A.B. asks: 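Okay, handing you the structure first.
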Amino acid sequence: MSWQTVVGLEIHAQMATRSKMFCSCRRETGLDPNHNICPVCTGWPGALPVINEAAVRCAIRAAICLDCTIQRESRFDRKNYFYPDLPKGYQISQFYRPYALGGAISFEREDATADRLPLVRIHMEEDAGKSIHASDGTSRIDLNRCSSPLLEIVTEPLGMSGIEAASCVRSLRHLLRWVGVSDGDMEKGNLRCDVNVSVRPDASAELGTRTELKNLNSFVSIQRSVEVESKRQIEVLEKGGTIRQETRLWDQDLEVTEEMRSKEDSPDYRYFPEPDLPVIVIEQQDIDRERQSLPELPAERYRELVDDLGLDPKEALPILARRENCEFFAALLEAGLSATSASNWFRGEVLRHLNDRSERIDQYPLAAEAIAVVVKAVEEDRISVGKGREILQQALDEQRDPNEILSESGEQISDESALVGWITTVLSENPEAVNKIKSGDSKPMGFLMGQVMKASSGQAHPRLAQDLLQKMIEQD
Ligand code: ADP
Ligand code: MG
Ligand code: ZN
C-alpha cells in the first residue's frame with residue numbers, strides 16, 4: 001500500500017518593527033535580561049496596551065504579498081494560560097476575528113514544479129518571554145521578548161514531503177525578508193514553526209488523524225521531523241493501530257518524536273475579546289498605501305532575470321536570495337556589464353566571498369562600480385581573468401580601491417619576445433614536467449602555465465602564453 005503524507009504548518013514570524021506590539025519598548029535582542037521591559041509588557045495591574053501602528057502596517061504588507069484577503073475589521077482576544085514567562089497570565093492574540101484570511105505560499109515541489117500551499121489565516125499577536133533552564137537545575141526568566149510583535153501564519157493541510165514542507169517555510173522566509181516584514185532568523189528564534197502531520201492510504205481518501213510537532217527551529221528539523229513522524233504513523237497503522245491526536249516533541253539528536261500531551265489534556269484558553277483594545281479598521285486606502293511601498297516582489301525579479309536578461313534559473317536564484325543582492329546586481333548592470341558577466345562575477349567573486357564569511361551584501365566593502373571597472377579590463381583583454389580576481393582579492397585584503405590596484409599592476413603583456421623569455425626560463429627549470437608532457441601526459445601543463453604566470457607577475461596574456469608554451473614544448 002502506498003501512503004500519502006499530509007502536512008499543515010503554523011508559523012510564527014517576529015515582525016521587524018522598532019518597538020513592541022503594545023508598548024514603546026524597543027524590539028531588540030541581545031540586551032541584558034529584563035532590561036527591555038515596562039509595566040505594559042510585563043502586565044502590571046492597571047497598565048494599558050496601545051496597538052503599534054507600524055506593526056499593523058507590517059502585517060498588512062505580509063498579507064498583501066501572500067495574496068490574503070485583508071479584513072476591514074479585526075479584533076484582539078485574550079488567550080489565557082499560566083506560564084512563568086507570561087506575567088500577564090494571558091497572551092493578546094487574534095482568535096475570533098483575524099486580520100487576514102486565505103492566501104497562499106508559493107513553493108517548489110521536489111520535482112522542481114511550482115505549487116501553492118493555501119493559507120487559512122494570518123493573525124497578529126504578542127510573544128511571551130523566555131525561560132532559561134540552567135544545568136544546575138535552576139530556571140531563570142527573561143522578559144525582554146514579552147510583547148514582541150508576531151505574525152502567526154496558519155496553512156491548510158496539503159500532501160507533501162518533508163523536503164517540500166521545509167521548502168514552503170524557506171519560501172515564506174524569503175518573501176518576508178524581501179519585503180522587510182521579518183528578519184526570519186530561525187537560529188535567533190524570530191521564525192518558528194509547528195508542523196502538523198498525518199498520513200492517509202492514498203491521496204483521494206479522507207484526511208488522517210494528525211499529530212503536532214512544536215517549535216521546530218531549523219529547516220533540517222522541519223524536513224526530518226515530517227519524515228520520521230509520517231514513518232512512525234504508517235508503522236502504527238500498518239500494524240492495525242490508530243493514531244491519537246496529540247502534541248509531540250521532536251528530538252533532533254535522536255531523530256525521534258515523543259509524546260508531550262494528548263488532545264484531552266490540551267489547555268482550554270478561555271479566549272475572550274480583549275477589552276483594553278479597540279477594533280482595528282483597515283481601509284482600502286491603508287492597503288493601497290502599503291502596496292505602493294512594497295518593493296518589486298521576487299517573482300517579478302525572477303522573470304526579469306530569466307526571461308528578459310536570459311540568465312539560467314540556477315544563476316538567478318542566488319542573486320534573488322535577498323533583495324539587497326538584486327540591487328547590487330542591478331548596479332553591476334548599470335555600470336555597463338552584460339548580464340552574463342555581471343552574474344559570473346557576482347556569484348563567483350562577491351557571493352563566494354560573502355558565503356565564506358557568512359556575511360551579507362551590505363557588509364561587502366567594494367562598490368559595484370569598482371568591480372565593473374576590473375571586469376571591463378578583463379573583457380577588453382587588458383588583464384587576465386586570474387589577474388582580475390587577484391585584484392579584487394587584494395582590494396578586499398588591503399581595503400583599497402580596485403581601480404588603483406589595476407592602474408598600478410600594469411596591463412596584460414602579449415609581446416611575443418617577452419612571453420618567449422618567461423617560457424624559456426620555465427622550461428629550462430622544469431625538465432621533468434616537460435618530459436612527461438612529451439611522453440603524452442598532459443597533466444603538468446597547468447603547473448607550467450602557473451609558473452609562466454608567476455614569472456611574469458601575472459601579466460602574461462594567458463591565452464597567448466598557453467599557445468606559445470604548447471608550441472615551444474612540441475618544438476623543444
Ligand atoms: P489547532 O488550533 O488545534 O492547532 P487547527 O484546526 O487550527 O488546530 O489546525 C492547525 C494546523 O493543523 C493547520 O495548519 C492545519 O493545516 C493542520 N491540520 C489540520 N488537520 C490536519 C491533518 N489531518 N493533517 C495534517 N495537518 C492538519
Ligand atoms: Mg496548533
Ligand atoms: Zn514594554
Side-chain angles (χ1 to χ4, degrees), residues 3-12 17-28 31 34-44 47-52 55 77 79 81 87-88 92-96 98 101-105 117-123 125-129 142-149 152-162 164-165 168-169 172 193-201 203 205-216 222 225-226 229-230 233-234 237 243-248 260-269 271:
W3 294 87
Q4 186 193 38
T5 302
V6 173
V7 179
L9 304 168
E10 293 162 276
I11 299 149
H12 286 96
T17 52
R18 261 205 299 278
S19 51
K20 293 184 178 180
M21 190 73 225
F22 301 115
C23 64
S24 54
C25 292
R26 283 166 299 157
R27 182 199 62 92
E28 219 174 291
L31 300 168
N34 302 310
H35 274 64
N36 190 31
I37 54 178
C38 73
V40 176
C41 53
T42 49
W44 289 23
L48 288 173
V50 175
I51 301 172
N52 177 352
D77 301 295
K79 176 179 182 176
Y81 65 94
K88 285 208 297 279
I92 306 180
S93 182
Q94 292 191 307
F95 183 69
Y96 296 108
L101 298 177
I105 301 172
L117 170 60
L119 302 183
V120 178
R121 57 191 260 157
I122 311 183
H123 67 253
E125 61 184 25
E126 60 177 343
D127 210 343
D142 176 5
L143 298 177
N144 284 349
R145 202 177 65 183
C146 276
S147 211
S148 291
E152 179 169 338
I153 300 162
V154 183
T155 80
E156 298 278 2
L158 186 70
M160 61 179 139
S161 67
E164 289 166 344
C168 288
V169 181
L172 174 72
C193 185
D194 301 344
V195 173
N196 296 271
V197 182
S198 65
V199 297
R200 55 180 168 180
E206 256 175 69
L207 289 178
T209 304
R210 72 183 156 113
T211 59
E212 180 176 24
L213 302 159
K214 282 271 184 208
N215 270 331
L216 301 167
I222 294 170
S225 62
V226 169
E229 177 60 12
S230 64
Q233 292 184 10
I234 292 168
L237 293 171
I243 303 300
R244 281 193 302 152
Q245 187 172 334
E246 62 192 5
T247 301
R248 298 179 71 84
M260 188 174 126
R261 61 170 182 242
S262 72
K263 191 173 166 62
E264 289 73 56
D265 30 74
S266 78
D268 172 6
Y269 295 117
Y271 282 101

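For ligands, and for the atoms within them, numbers begin at 1 and follow the listed sequence. Quantities reported herein were computed from a predicted structural model and do not represent experimental measurements.
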A.B. asks: Search all heavy atoms of Trp3 against all heavy atoms of Val199 and return the closest pair with its distance.
C.D. replies: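 Taking Trp3 first and Val199 second, the nearest heavy atoms are CE3-CG2, 3.9 Å.
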
A.B. asks: Quick one: do Asn196 and Glu10 satisfy side-chain hydrogen bond (donor to acceptor under 3.5 Å, both in side chains)? Show the steps, please.
C.D. replies: CA-CA 8 Å; Asn196 296 271; Glu10 293 162 276; 2.9 Å; yes

A.B. asks: So is Val7 polar-close to ligand 1, meaning N/O to N/O under 3.5 Å?
C.D. replies: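 There is no such contact.
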
A.B. asks: Any idea how Tyr271 and Tyr96 line up, ring-wise: parallel (<30°), tilted (30 to 60°), or perpendicular (>60°)?
C.D. replies: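 Rings of Tyr271 and Tyr96: perpendicular, over 60°.
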
A.B. asks: Which ligand 1 atoms does Leu9 reach within 4.0 Å, using its non-hydrogen atoms?
C.D. replies: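 Listed by number with element: 14 (O).
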
A.B. asks: So among Met260, Arg244, Arg248, which one has a side chain to side chain contact (heavy atoms under 4.5 Å, CB included) with Thr211?
C.D. replies: Arg248

A.B. asks: Given Arg121, Glu10, Glu212, which has its nearest heavy atom closest to atom 2 (O) of ligand 1?
C.D. replies: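 Nearest heavy atom to atom 2 (O) of ligand 1 lies in Glu10.
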
A.B. asks: Of all the atoms in ligand 1, which lie at a distance below 4.0 Å from a heavy atom belonging to Leu207?
C.D. replies: 23 (N)

A.B. asks: Starting from the C-alpha separation in whole Å, work towards a yes-or-no answer on salt bridge (charged side-chain N to carboxylate O under 4.0 Å, His left out) for Lys79 and Glu126.
C.D. replies: CA-CA 11 Å; Lys79 176 179 182 176; Glu126 60 177 343; over 6 Å; no

A.B. asks: Identify which of Ser198, Pro118, Pro157 has a heavy atom lying nearest to atom 24 (N) of ligand 1.
C.D. replies: Ser198

A.B. asks: Only heavy atoms of Gly208, strictly under 4.0 Å: list the atoms of ligand 1 that pass.
C.D. replies: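 With Gly208 as reference, the close atoms of ligand 1 come out as 23 (N).
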
A.B. asks: What atoms of ligand 1 come closer than 4.0 angstrom to any heavy atom of Glu156?
C.D. replies: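 Once the distances to Glu156 are compared, the set is 16 (O).
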
A.B. asks: Measuring to the Zn ion (ligand 3), does Cys25 have an N/O/S atom at a distance below 2.8 Å?
C.D. replies: yes

A.B. asks: Using the Zn ion (ligand 3) as the apex, give the angle to atoms SG (Cys38) and SG (Cys23), rounded to 10 degrees.
C.D. replies: 110°

A.B. asks: With no hydrogens and no angle check, do the side chains of Thr42 and Trp44 hold a donor and an acceptor under 3.5 Å apart?
C.D. replies: yes

A.B. asks: Geometry only, no angles: is Thr209 polar-contacting ligand 1 at N/O separations under 3.5 Å?
C.D. replies: no

A.B. asks: Less than 3.5 Å between some nitrogen or oxygen of Val197 and one of ligand 1, yes or no?
C.D. replies: no

A.B. asks: Mark yes when over 12 heavy atoms from residues, nucleotides or ligands other than Arg18 sit less than 6.0 Å from its CZ; otherwise mark no.
C.D. replies: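 No - once you tally the heavy atoms of other residues, nucleotides and ligands closer than 6.0 Å, there are 12 at most.
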
A.B. asks: Under 4.0 Å from a heavy atom of Val154: which atoms of ligand 1 are those, numbered in the order shown and with their elements?
C.D. replies: 13 (C), 14 (O)

A.B. asks: Testing the basics here: between Thr155 and Leu119, what is the closest heavy-atom pair and its distance to 0.1 Å?
C.D. replies: CG2-CD2, 3.8 Å

A.B. asks: Can you name the one residue among Arg145, Arg27, Lys20 that meets side-chain hydrogen bond (donor to acceptor under 3.5 Å, both in side chains) with Asp127?
C.D. replies: Arg145

A.B. asks: Nearest heavy atom to atom 14 (O) of ligand 1 wins, so pick from Thr155, Val199, Thr211, Ile11.
C.D. replies: Thr155

